[in-house]
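Taking it in order: structure first as structure tokens, then the write-up.
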Amino acid sequence: MRPFVLSALVALSVAVTSCSPAEPAAVPSLVPLPAAMTVGNGAFAPPGAVVIVAGAEVSRHADLLSALVRDTGGPETSIVPDGDGLVRLSIAPDGRSEAYRLRVSADGIELTGSDPAGLFYGLQTLRQLMPVPGSGAEWSIPAVEIDDAPRFPYRGLQLDVGRHFFPVAFVKKYLDRMAELKLNTFHWHLTEDQGWRAEILAYPRLTEVGSCRKETVLEKNYDPYVGDGIEHCGFYTQDQMREIVAYAAERYITVIPEIEMPGHAVAALAAYPELGCSSEPREVSTTWGIHDDVFCPSEATFAFLEGVLTEIMGIFPSTFIHIGGDEVPKTRWEESALAQEIIRREGLADELELQSWFVQRIERFLSANGRRLIGWDEILEGGLAPGATVMSWRGTEGGIAAARMGHDVIMSPTRHLYFDFYQGPKETEPISADWSGYPLPLAQVYEFDPVPAELTPEEARHVLGAQGNVWTEQMKTPEKVEYMVFPRAHALAEMVWTPQPKRDYADFLLRLPAVLERHAATGTAYRPLDTTPTG
Ligand code: ACM
């Protein structure tokens, strides 16, 4: 496959202008498309070794560039802190975040970041300009001038490790692919009804008991229930979580941990039954869906959750801590004398306000520790905690309501950003979310604009970005996760990076095959495109 889409396609690209209409240059296949790019003539194709000039503050970036050049079959490189060289890396603050300017010509490469993250993203662009590793293509980098910065500060991808556990090596691979797409936030869904995956030293039974379920329901065998008879276990030690946080930070990715409360807590209740509204013994759940058993709003529960969150905050430096808050049946609270007593004591109207009271208490705890609470849009019900940020998943309505109230919002609606939904006709897709009634093809991801038209510019400023969610009920292996995530994450990346007026699905499809060839060279699976453009 050719690394570049031929210039005949320039007319289709709204973002690209050629310097030389008489002999137009090839248009590089970049995803996400840069904010501004001019394609020049010629290429950087040095005949011999290359000197990279990079000061001490960017020496790590220079090492990364050397590795990229080596891995793509390029020339020998050496790094010097100053003086002459064909390649120059630097940081020059210009008031923007995560931005970079890149100039490649036959004479050399100049890459300047507005900050270290911006310089890193410039290197990711250079990666896509180099030959595909192992392709045997002659090494060169096409002449371009790029001035680039992200549209949104929050560019997220989530992974549910509760339904199925995934090893550290896979989480790192996921982070590698995220970084290449300039995604900067990894939302790690660490606790679920079906498994608790985070070691908490003060509560060892969370992993001794909560990290193992005895089996898993066979798909579509709820009634009558049939299990697969295969135990499913796994958790991350605190050292492993720290290792992931550090690995992500090297790639300018923030890890946001999610500790689900008050629902999706059956694994925790299996470990500590006294935290439920009745102390009857429970098992880590072997079925999917919404479970009636939730944390009781008792002082014991708050002491437990504050203990858990204290350890979590010690591991994860992220400003945001995700507390879930979705899908909380109120049955147990309706039956609980304790819950009803709190409703009376606090003058609350009902169980919805009790949930809001619960979340507000946790929000005060996180705020007192210098963190910000983020939760699914159900946290709006019964009143939104001051300072809470809303992740809008049941459509965009929750996000719109929160933004209008002056709260920050991440858009992640099922219709556009649930990567567990099948990607084509259900009959031909190997995996699907069994609860989704509709497919989510690539085009439907791409077409989503995280900023709803009904928001005023002032309200729209509260939309920090968007996130793809990857619920893993039907994804038992890393390969299946990869198949479901890519290339929809490529569409997400362009959604959250590229200025809205420059986004064009037809043009994206023309650039995607070359980008997927590079993706495949990393040994990462993806769903093949329905049609390959013939440009
Ligand atoms: C969710 O999908 N329950 C957030």
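Start at 1 and go down the list; that is how both ligands and their atoms are numbered. The chain is numbered in sequence order, starting from 1.
- Close contacts of ligand 1 with E327, meaning ligand atoms under 4.0 Å from a residue heavy atom, involve 3 (N).
- Considering backbone and side-chain N/O atoms, W376 never comes within less than 3.5 Å of an N/O atom of ligand 1.
- Residues passing the side-chain contact (heavy atoms from CB on, under 4.5 Å) test with E427, sequence neighbours excluded: P425.
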Acceptor/donor pairs from residues 309-319 side chains to any protein atom, 3.5 angstrom cut, sequence neighbours excluded:
unit_1 : atom_1 : unit_2 : atom_2 : d
T310   : OG1    : E306   : O      : 2.6
E311   : OE1    : L201   : N      : 2.6
E311   : OE1    : Q238   : NE2    : 2.7
E311   : OE2    : L201   : N      : 3.4
E311   : OE2    : A202   : N      : 2.8
S318   : OG     : V255   : O      : 3.3
S318   : OG     : F320   : O      : 2.7

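- Ring orientation note: the planes of H519 and H490 are nearly perpendicular, at an angle over 60° on the 30°/60° scale.
- Between R163 and E192 there is a salt bridge, since a side-chain N of the basic residue sits under 4.0 Å from a carboxylate O of the acidic one.
- Using a 4.0 Å cut-off to heavy atoms of W471, the atoms of ligand 1 that qualify are 1 (C), 2 (O), 4 (C).
- The ligand atoms of ligand 1 that sit less than 4.0 angstrom from a heavy atom of Y418 are 1 (C), 2 (O), 4 (C).
- When only interatomic distances are considered, the shortest N/O to N/O separation between H264 and ligand 1 does not fall below 3.5 Å.
- A centroid separation of less than 6.0 Å is found between the aromatic rings of Y203 and Y272.
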